[in-house]
Enquirer: 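Quick one: structure below, then a few questions.
For ligands, and for the atoms within them, numbers begin at 1 and follow the listed sequence. Values reported hereafter were calculated over all heavy atoms of this structure, with side chains retained and with hydrogens, waters and symmetry mates removed. Predicted model only: the values in this text are computed from it and were never measured.
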Amino acid sequence: MRTYLVTGGAGFIGSNYIHYMFKKYGDSIRIINVDVLTYAGNLENLKDIADRPNYTFVKADICDKEAIEKIFEENDIDRVVHFAAESHVDRSIKNPEIFVKTNVLGTAVMLNAARKAWEKEDGTYIEDKKFLHVSTDEVYGSLPDDDTAFFYETTPIDPHSPYSASKASSDMLVKAYIDTYHFPANITNCSNNYGPYQFPEKLIPLIINNALQGKKLPVYGDGKNVRDWLYVEDHAKAIDMVQEQGVIGERYNIGGHNEKQNIEIIRIILETLNEMLPDSDPRKAHINEELITYVADRKGHDRRYAIAPDKIKAAVGWTPDTMFREGIKLTIKWYFEHEDWMKNVTSGDYQKYYAEMYK
Ligand code: NAD
Ligand code: DAU
């Protein structure tokens with residue numbers, strides 16, 4: 001039985017990945033999820049699989065070398081899928097240090113522990129051990145307002161925010177391990193994800209939550225920054241395909257050619273909410289474009305992201321299954337059905353964050 005060590009599995013993409021993997025492989029794999037449970041980590045996201053005999057949760061910090069080495073000593077880990085990170089650009093602008101610590105140092109600890117467990121005396125590795133580093137398209141910087149320009153795997157790294165600089169640094173570390181130690185790893189650089197369990201500091205769940213409550217919808221700058229949105233389950237599928245069928249040592253971009261301006265995303269959400277809510281729902285009265293409020297721009301705001309997914313398609317045959325109009329309906333349906341989840345994550349510290357961020 002193959003054993004996975006997933007880091008950051010209680011976060012948005014990590015929890016969706018764990019659900020996807022159990023749906024796909026059932027009892028034929030084992031997953032150990034290591035997560036320190038920051039504000040973004042939530043065991044509620046995994047409550048329906050928590051009792052599976054082939055699932056284990058370990059509360060630990062990826063920067064804690066002893067704790068991570070202990071997991072490798074006590075388990076024969078075959079796959080590492082490394083999601084754990086500080087992930088929000090706005091928070092990185094206010095407090096960069098924790099991004100450097102978790103995203104750079106934490107990745108170094110993960111790489112060292114895996115290498116220590118897997119490398120043989122002659123410098124080769126125990127057979128069929130693989131490490132996948134989950135990264136972002138933000139490491140490539142920003143594209144001009146020209147819809148023929150794309151990020152390729154060969155695009156030079158040019159990060160602008162402290163978040164993307166820390167992710168670029170961790171990508172470089174993984175590459176250094178591949179080049180120096182022939183470490184069996186892949187790097188994936190994915191575009192913006194959306195879907196169930198996303199924390200409402202990110203654009204799509206924030207807009208859904210605010211619109212339902214009749215609160216203002218904050219749009220940074222002119223609202224014409226472009227992001228390339230991918231349904232989270234398609235990201236999970238891509239990670240698995242790259243890890244099983246990709247060429248060790250290679251980097252793969254993940255994206256579904258779904259570039260949209262932020263203002264278009266907000267309009268689609270408003271339209272879809274109105275389509276999906278019954279006429280008898282009193283919230284329908286306030287869900288309209290009057291809620292849209294232009295606010296100060298994000299510092300160093302990247303203008304446009306757009307992934308060229310040619311390599312992953314050619315190498316492993318990955319293409320996305322869920323188109324945006326369908327994905328956004330699935331996402332809104334999930335938030336309708338999980339009002340308690342939203343209430344729980346937006347109580348307490350979120351209120352303080354929101355008041356400070358959008359003052
Ligand atoms: P998230 O913020 O929702 O989740 C991060 C998880 O990591 C949380 O469960 C948190 O508790 C955990 N964590 C943070 N610091 C930790 C530490 N020191 N030790 C152990 N666990 C720790 O993030 P996400 O959106 O799910 O992103 C996951 C990964 O995917 C990140 O590496 C991010 O850079 C990358 N990524 C995200 C997107 C996106 O659109 N969200 C797109 C491309 C790549
Ligand atoms: O591209 C992949 C990246 O996507 C991931 O690496 C990051 O972890 C993830 O957070 C995401 O980063 P972005 O900064 O692109 O996502 P965010 O949802 O924060 O913002 C999306 C766009 O919407 C961006 O142009 C800023 C804008 N925005 C965001 C918020 C929260 C607003 O206009 N208003 C808002 O209130």
Side-chain angles (χ1 to χ4, degrees), residues 6-17 33-43 45-46 58-64 67-68 81-93 98-99 101-103 105-107 109-110 133-140 142 151 159 161 163-164 166-167 170-171 188-195 197-207 210 216-230 232 235 239 253-255 260-263 265-266 292-298 301-307 345 354 357-358:
V6 173
T7 71
F12 162 50
I13 307 177
S15 59
N16 277 285
Y17 169 81
N33 170 21
V34 57
D35 196 305
V36 78
L37 302 180
T38 66
Y39 77 93
N42 185 352
L43 289 181
N45 301 359
L46 296 160
V58 179
K59 185 171 189 291
D61 189 332
I62 54 162
C63 300
D64 181 345
I68 299 300
V81 183
H82 177 37
F83 293 97
E86 288 292 336
S87 69
H88 192 40
V89 173
D90 292 325
R91 288 184 193 255
S92 82
I93 295 168
I98 183 70
F99 284 72
K101 181 167 181 265
T102 299
N103 300 0
L105 181 64
T107 300
V109 168
M110 291 306 305
H133 175 62
V134 180
S135 191
T136 168
D137 57 359
E138 299 204 18
V139 303
Y140 298 121
S142 184
F151 293 140
S161 72
Y163 162 70
S164 52
S166 69
K167 290 298 290 189
S170 60
D171 289 17
T188 53
N189 294 87
C190 188
S191 62
N192 285 61
N193 286 212
Y194 69 100
Y197 306 107
Q198 189 167 29
F199 193 77
E201 63 187 352
K202 309 281 165 58
L203 182 71
I204 288 184
L206 187 144
I207 296 299
N210 282 19
K216 289 179 177 169
L217 310 178
V219 184
Y220 299 165
D222 64 2
K224 293 187 179 162
N225 298 66
V226 171
R227 296 293 182 267
D228 185 356
W229 295 95
L230 183 71
V232 63
H235 187 186
I239 288 171
N253 285 351
I254 307 172
K260 295 206 180 334
Q261 292 182 344
N262 296 333
I263 193 68
I265 293 288
I266 293 170
I292 294 173
T293 309
Y294 287 86
V295 299
D297 207 356
R298 175 183 276 174
H301 198 175
D302 287 336
R303 189 65 177 169
R304 177 171 169 267
Y305 300 151
I307 284 276
V345 303
Y354 196 89
M357 178 68 208
Y358 294 97

Enquirer: Which atoms of ligand 1 have any heavy atom of L37 under 4.0 Å away?
Expert: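 Those of ligand 1 that fall under 4.0 Å from L37 are 11 (O).
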Enquirer: Should K167 be listed as contacting ligand 2, given a heavy-atom distance under 4.0 Å as the test?
Expert: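 Distance cut 4.0 Å: K167 fails for ligand 2.
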Enquirer: For ligand 2, which is the ligand I care about here, please tell me if R227 has any N or O atom under 3.5 Å from one of the ligand's N or O atoms.
Expert: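 Min N/O separation from ligand 2 is below 3.5 Å for R227.
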Enquirer: As a check for students: among P218, G223, G255, identify the option with a heavy atom nearest to atom 34 (N) of ligand 2.
Expert: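 Going through P218, G223, G255 one by one, P218 has the nearest heavy atom to atom 34 (N) of ligand 2.
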Enquirer: Taking atom 27 (C) of ligand 2 as the point of reference, which of V219, N262, V134 owns the nearest heavy atom?
Expert: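 Checking each option, the heavy atom nearest atom 27 (C) of ligand 2 is found in N262.
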Enquirer: Going by the atom numbers of ligand 1, which of them fall below 4.0 Å from some non-hydrogen atom of F83?
Expert: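 Selected atoms, number and element: 28 (C), 29 (C), 31 (C), 32 (O).
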Enquirer: With a 4.0 Å cut-off on heavy atoms, is Y163 in contact with ligand 1?
Expert: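 Yes, Y163 has a heavy atom closer than 4.0 Å to ligand 1.
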Enquirer: For A10, state whether at least one heavy atom is located under 4.0 Å from any atom of ligand 1.
Expert: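 The answer is yes: ligand 1 sits under 4.0 Å from a heavy atom of A10.
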Enquirer: With backbone taken as N, CA, C and O and side chain as the heavy atoms from C-beta onward, which portion of T102 lies under 4.0 Å from ligand 1: side chain, backbone, both, or neither?
Expert: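 Side chain only.
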Enquirer: Any nitrogen or oxygen of C190, side chain or backbone, less than 3.5 Å from one on ligand 2?
Expert: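 In this structure, C190 places no N or O atom under 3.5 Å from an N or O of ligand 2.
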Enquirer: Atom 20 (O) of ligand 2: which protein heavy atom is closest, and how many Å away?
Expert: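 Among all protein heavy atoms, the one nearest atom 20 (O) of ligand 2 is R298 NH2, 3.9 Å.
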Enquirer: Report yes if W229 has an N/O atom closer than 3.5 Å to an N/O atom of ligand 2; otherwise report no.
Expert: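 No, since none of the N or O atoms of W229 sits under 3.5 Å from an N or O of ligand 2.
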Enquirer: Counting from 1, what ligand 1 atoms have a heavy atom of D61 closer than 4.0 Å?
Expert: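 Counting atoms of ligand 1 from 1, those under 4.0 Å from D61 are 17 (C), 18 (N), 19 (N).
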Enquirer: What protein heavy atom sits nearest atom 9 (O) of ligand 1, and how far off is it?
Expert: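 Going atom by atom, the protein heavy atom closest to atom 9 (O) of ligand 1 ends up being D35 OD2, 2.5 Å.
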Enquirer: Name the closest protein heavy atom to atom 25 (O) of ligand 2, giving the residue it belongs to and the distance to 0.1 Å.
Expert: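 Of the protein heavy atoms, H301 NE2, 2.7 Å lies nearest.
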Enquirer: So, 4.0 Å and heavy atoms of S135: is ligand 1 close enough to count as a contact?
Expert: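 Yes.
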Enquirer: What residue and atom, counting heavy atoms only, is the protein's closest point to atom 1 (O) of ligand 2, and at what distance?
Expert: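 Checking every protein heavy atom, the shortest distance to atom 1 (O) of ligand 2 gives D137 OD1, 2.5 Å.
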Enquirer: Which heavy atom of the protein is the closest neighbour of atom 4 (O) of ligand 2, given with residue, atom name and distance?
Expert: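 Here the nearest protein heavy atom works out to N192 ND2, 3.1 Å.
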Enquirer: Just to confirm my output: which protein heavy-atom neighbour is closest to atom 21 (C) of ligand 2, and how far is it?
Expert: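 Of every protein heavy atom, L203 CB, 3.9 Å lies nearest to atom 21 (C) of ligand 2.
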Enquirer: Return yes when A60 approaches ligand 1 closer than 4.0 angstrom through a heavy atom, no otherwise.
Expert: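 Yes, A60 has heavy atoms under 4.0 Å from ligand 1.
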Enquirer: Identify the protein heavy atom lying closest to atom 3 (C) of ligand 2, giving its residue, its atom name and the separation to 0.1 Å.
Expert: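 Here the nearest protein heavy atom works out to E138 OE2, 3.0 Å.
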Enquirer: Which of the listed options, S135, S87, S191, S164, holds the heavy atom that is closest to atom 8 (O) of ligand 2?
Expert: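 Going through S135, S87, S191, S164 one by one, S87 has the nearest heavy atom to atom 8 (O) of ligand 2.
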Enquirer: Under a 4.0 Å heavy-atom limit, does D137 contact ligand 1 with its side chain, its backbone, both, or neither?
Expert: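 D137 to ligand 1: no contact under 4.0 Å from either part.
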Enquirer: Looking only at protein heavy atoms, which one is nearest to atom 19 (N) of ligand 1, and what is the separation?
Expert: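 Atom 19 (N) of ligand 1 sits closest to the protein heavy atom I62 N, 3.0 Å.
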Enquirer: With a cut-off of 4.0 Å, which atoms of ligand 1 are near a heavy atom of K167?
Expert: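 Listed by number with element: 31 (C), 32 (O), 33 (C), 34 (O).
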Enquirer: Can you pull out the closest protein heavy atom to atom 36 (O) of ligand 2? Residue, atom name and distance to 0.1 Å, please.
Expert: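 Going atom by atom, the protein heavy atom closest to atom 36 (O) of ligand 2 ends up being Y358 OH, 2.6 Å.
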